[in-house]
Amino acid sequence: MARSVSTRRKLFFTVAAWSVALLIFFPVLWTILTSFKTEASAVASPPELLGADWTLQNYSDVWARSDYPRFFMNSVIISIGSTLLGLLIAIPAAWSMAFVPGNKTKDLLMWMLSTKMMPAAAVLIPMYLIFQKTGLFDTRTGLVLALMLMNLPVIIWMLYTYFKEIPGEILEAARMDGASLKNEVLYILTPMAIPGIASTMLLNIILAWNEAFWTITLTTVNAAPLSAFIASFSAPQGLFYAKLSAASTMAIAPILIMGWFGQKQLVRGLTFGAVK
Amino acid sequence: MGKIVLKQVRKSFGDVHVIPSVDLTIENGEFVVFVGPSGCGKSTLLRLIAGLEDTTSGVIEIDGKDATALPPAKRGLAMVFQSYALYPHMTVRKNIMFPLKMAGMDIEAATKKADAAAKVLNLTSYMERKPGQLSGGQRQRVAIGRAIVREPAAFLFDEPLSNLDAALRGNMRLEITELHQNLKTTMIYVTHDQVEAMTMADKIVVLQAGNIEQVGSPLELYNHPANAFVAGFIGSPRMNLLEGADAQAVGAKTIGVRPEHLDISTTAGQWKGTVAVAELLGSDTFLHVNVEGHGTMTVRGGGDVNLRHGDTVYLTPQAGKVHRFGADGKTMA
Amino acid sequence: MATQSSRATARLMVAPSVILLFIWMIVPLAMTIWFSVRIYRLLSPERSGWAGVRNYTWFFNSPDFWMAINNTLLLVGGVLAITIILGVLIALLIDQPVWGQGPLRILVISPFFIMPPVAAMIWKNLFMHPQNGLFAAVSRAFGTEPILFLQNYPMSSIVFITAWEWLPFATLILLTALQSLSSEQLEAAEMDGASALSRFRYITLPHMTRAITVVILIQTIFLLGIFGEIFTTTQGGPGSASTTLPYMIYKQALIAKDIGRAAAGGIIAVILANIVAFFLMRSMGKHLDA
């Protein structure tokens with residue numbers, strides 16, 4: 001826009017946009033604020049803001065009551081593990097679909113995405129039985145596998161989108177320059193694809209971290225991640241608002257902060273190539 | 001050394017025969033231009049030589065050795081791409097050094113070679129920049145530098161100038177010609193621009209629908225086009241092609257007269273017409289004349305031609321400058 | 001655009017993904033089909049044998065089933081409508097010259113990072129709770145009775161919560177599309193005498209078609225399987241008022257413990273999802289140059 005904008009106009013839009021943004025963000029903010037209030041202050045009517053009793057007690061209570069570090073570590077291992085494994089399988093697939101497209105490539109991609117359309121609840125029992133029989137039930141390995149497969153189509157799509165943007169002529173140039181397939185991948189493709197791979201990784205970690213069907217139904221104790229941790233707090237509703245808020249904050253904070261730092265790359269990757 | 005021979009080379013994509021069958025010999029040190037309209041198969045032919053596409057059948061020999069099945073890297077050729085295909089994450093120096101690194105040359109020798117190439121191409125002060133920070137012309141030079149350092153048997157150029165503006169294109173044309181004169185290496189150059197073909201080539205290969213229409217020096221093609229297609233494609237502005245009674249009078253299906261071979265008169269001549277548009281270039285004047293019975297004809301006159309829109313002119317072809325084409329489009333003896 | 005050898009390599013590299021996804025899809029599906037024609041009740045294990053199509057007919061004869069279909073469509077359609085309409089409006093607003101666009105984007109995207117059960121719990125307790133929720137406090141401040149959101153408007157409440165979770169996704173993708181629109185196009189339209197509204201209608205909106213397509217495709221995939229939000233808030237109730245198809249299957253499996261019926265429901269859900277997928281993919285295919 002090579003157009004000058006009057007300050008008044010800009011001020012108006014700034015106020016409007018910030019109001020909308022704060023409204024969207026408010027539930028998160030309110031949860032974080034409530035987590036620092038005493039239980040009495042949390043349910044006070046009318047709601048207290050400035051005059052509230054502030055405390056860190058909720059966090060130490062939640063910490064004492066449940067084994068947060070274990071849930072947290074499970075979440076970290078499951079989300080990062082499934083992401084790395086997924087990338088390992090998806091990168092070669094996306095690479096070849098992007099650079100050696102056949103006339104069936106598009107159908108193949110659509111088919112992959114369509115496997116995600118199967119409602120998880122529909123195959124719950126078979127999955128449960130398979131996991132029991134194979135000894136994967138309530139193990140981190142089992143969840144890493146399940147979440148990896150669940151998100152694989154999305155990973156492939158995103159990587160495919162990014163790889164598509166790398167001009168084919170550059171890879172041909174590398175081939176003319178005498179690069180072997182290994183060197184082509186090592187010196188040309190990987191450095192150019194790293195931003196795309198990074199944002200794919202970020203999205204997949206978020207999806208895996210926030211997954212709350214398989215992580216709850218296929219675990220009991222040992223492999224249960226933060227989604228199960230938060231589910232265990234849903235029982236005594238109404239009574240422990242501040243503790244619930246503290247637990248919620250503890251469950252979402254790591255991924256929220258990570259998401260904030262990566263949001264720009266993330267959004268670009270999420271457009272699935274629909275926006276150039 | 002870079003003699004390249006194509007023997008009955010064919011290329012099909014499924015049922016589409018892009019190159020029905022091509023025989024061609026490119027002598028060592030020649031500057032050969034493949035020219036033709038878009039979709040004529042000239043880029044495919046170049047990519048077959050490069051090894052970026054498989055041949056469906058036929059043999060490609062480089063320096064007398066069968067290279068048909070060799071991967072691109074083993075053919076000893078270097079290519080300059082239309083989009084330059086520079087590696088965006090590497091500096092200019094690293095871009096130029098990349099083929100040497102792939103060949104396993106030690107860093108010191110490679111650096112020395114890259115610096116020497118940069119000097120030739122006036123890139124010395126840009127060596128630490130990334131391609132994104134360079135202008136189109138500079139990128140083009142880096143791409144050429146990357147090709148030079150390999151000391152290839154032949155250079156392949158795939159429409160290298162089409163992304164540059166007109167002035168820069170003129171400069172780069174000269175630079176590439178000079179480069180060829182200095183290196184004396186075989187060069188194969190693909191373009192759809194017949195001006196590039198005429199000014200740079202030792203030998204022009206005119207292609208249409210995957211077939212070679214004619215091979216020859218620029219002046220051969222200009223003076224003795226093998227058929228109406230080559231006649232129309234080579235030369236600017238295009239040759240006027242006329243049918244009907246005028247052609248039948250000399251026993252041809254079609255006759256062709258180049259714009260520069262028509263005499264202009266305001267009083268009398270073979271064809272009468274009115275000037276539709278007069279383009280004044282100072283040195284020349286191009287007249288687009290509506291001729292009764294033949295549509296628009298283009299005429300090239302001197303800078304002193306003083307005719308305007310609506311004026312009546314008479315046009316007469318110069319003696320011996322009329323090309324005759326038969327019903328099959330071929331030039332008649 | 002490639003040589004034979006690179007084609008062979010390419011096939012080899014796609015193979016692991018295709019094989020894994022195929023197994024991941026076909027094994028549970030085959031088992032579900034098997035269960036769906038069997039009598040298989042965890043509470044009465046002594047009864048087993050062929051059920052034929054009885055598990056299926058039970059579903060089709062259950063009034064809950066048609067309600068569940070209705071609720072599923074309501075959820076998908078409602079969330080899509082809200083997120084796309086609001087998403088376009090908010091994207092247009094943020095795209096205006098404003099101070100602090102970076103922090104703004106961070107605020108707007110935040111709900112996308114919230115785990116669904118957490119999001120549902122926040123809304124259920126901190127906002128929609130009839131005594132202690134913030135909405136109730138607001139109602140009291142205006143002297144009106146607090147609205148029993150999850151009691152009286154369960155489906156609308158779930159649609160609202162889910163829309164809040166997905167609004168950031170829609171908004172930011174539409175914003176990215178908006179920012180890729182060249183201002184020259186808009187200026188040309190302005191020179192042609194187009195009003196702000198017709199500029200939006202004829203230039204901006206068509207430019208965003210592809211982005212909207214992606215939003216519909218991705219959201220539908222995720223929305224068809226929505227589970228955590230219902231589980232945490234209403235448990236499908238009151239009665240079956242907010243039971244969707246996935247939730248109904250879940251209830252059959254884990255509450256009624258009738259695996260046969262749950263499996264039949266699963267197959268019905270898979271068929272319906274595939275019908276949706278077919279139409280979706282076909283219309284999407286045109287917009288996505290894969």
Side-chain angles (χ1 to χ4, degrees), chain A residues 1 5 10 13-14 16-17 20-21 24-25 27-28 30-31 43 45-47 89 92-93 96 100 106 109-110 112 114-127 149 152 156 206 210 212-213 227 230-231 234 237 241 248 251-252 255-256 259-260 263 267 270-272 274-276, chain C residues 2 6-7 10 13-14 16-17 20-21 24-25 28 31-32 90 93-94 96-99 104-110 113-118 121-122 125-126 132 134 137 172-173 176-177 180 183 210-211 214 221 224-225 227-228 232 246 249-250 253 259 262 266 269-270 273 277 281 290:
Chain A
M1 283 279 200
V5 181
K10 191 165 176 178
F13 281 118
T14 303
V20 171
I24 291 174
F25 183 68
V28 182
W30 188 247
T31 308
V43 295
S45 182
I89 296 167
S96 57
V100 196
K106 201 171 164 180
L109 271 168
M110 285 294 178
M112 286 180 171
S114 77
T115 63
K116 266 197 83 65
M117 288 246 175
M118 188 151 67
V123 291
L124 172 61
I125 300 302
M127 288 305 294
L149 285 164
L152 192 60
I156 293 177
I206 292 169
N210 289 343
F213 186 75
S227 54
I230 204 71
S234 61
Q237 43 170 291
Y241 273 34
S248 297
I252 60 176
I255 217 69
L256 195 59
W260 283 344
Q263 56 96 8
V267 169
L270 278 174
T271 58
F272 287 88
V275 181
K276 286 278 145 31
Chain C
S6 57
R7 276 198 188 288
M13 291 197 293
V14 189
S17 300
L20 281 173
L21 279 175
W24 168 252
M25 185 190 76
M31 286 171 77
T32 309
I90 297 171
L93 183 61
I94 298 180
Q96 298 298 323
V98 294
W99 280 293
L104 259 180
R105 289 166 62 115
I106 283 182
L107 289 187
V108 171
I109 201 175
S110 294
F113 300 136
I114 310 295
M115 208 181 278
V118 172
M121 210 123 69
I122 292 173
N125 294 312
L126 268 54
N132 303 325
L134 205 55
L172 289 177
I173 285 183
T176 311
S180 73
S183 59
R210 278 157 61 90
V214 166
I221 288 174
L224 277 176
F227 175 81
T232 316
I249 296 163
Y250 170 83
I259 309 302
V270 167
M281 299 283 172

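Throughout, protein chains are lettered first and strands after them, A, B, ... in sequence-line order, and every chain is numbered starting at 1. Small disclaimer: the values here were computed from a predicted structure and weren't measured.
The candidate with the highest count of non-hydrogen atom pairs below 4.5 Å against chain A, out of C:Ile259, C:Val108, C:Ile221, C:Leu20, is C:Ile221. With chain A as the partner, the residue from C:Ile90, C:Ile106, C:Ile94 showing the most heavy-atom pairs under 4.5 Å is C:Ile106. Interface remark: of the candidates C:Ile114, C:Val270, C:Leu224, C:Ile114 forms the most heavy-atom pairs closer than 4.5 Å to chain A. For the options A:Ile206, A:Ile255, A:Ile125, heavy-atom pairs under 4.5 Å to chain C are most numerous at A:Ile125. The candidate with the highest count of non-hydrogen atom pairs below 4.5 Å against chain A, out of C:Thr32, C:Val118, C:Ile122, C:Leu104, is C:Leu104. The candidate from A:Val123, A:Leu149, A:Ile24 with the greatest count of non-hydrogen atom pairs under 4.5 Å with chain C is A:Leu149.
Shortest non-hydrogen contact noted between C:Pro246 and C:Gly225 is CG-CA, 4.5 Å.
For C:Ile109, the part lying near chain A is the side chain, with the backbone staying farther off; criterion is any non-hydrogen pair under 4.5 Å. Only the side chain of C:Leu134 comes within contact range of chain A, with heavy atoms under 4.5 Å apart. Proximity to chain A is limited to the side chain of C:Ile249, based on heavy atoms less than 4.5 angstrom apart. Both the backbone and the side chain of A:Ala16 have a heavy atom closer than 4.5 Å to some heavy atom of chain C.
Residues A:Thr115 and A:Leu152 are not in side-chain contact: their nearest non-hydrogen atoms beyond the backbone lie 4.5 Å or more apart. A:Ile252 is not listed as a side-chain neighbour of A:Thr31, based on a closest heavy-atom distance of 4.5 Å or more.
Without hydrogens or angle criteria, A:Asn210 side chain to C:Phe113 main chain gives a donor-acceptor distance under 3.5 Å. Using modelled atom types, no side-chain atom of C:Ser110 and backbone atom of A:Phe25 make a donor-acceptor pair closer than 3.5 Å. In this structure, the side chain of A:Ser248 does not engage the main chain of A:Ile230 through any donor-acceptor pair within 3.5 Å.
Separating the CE atom in A:Met127 from the CH2 atom in C:Trp24 is a distance of 4.0 Å, to the nearest 0.5 Å.
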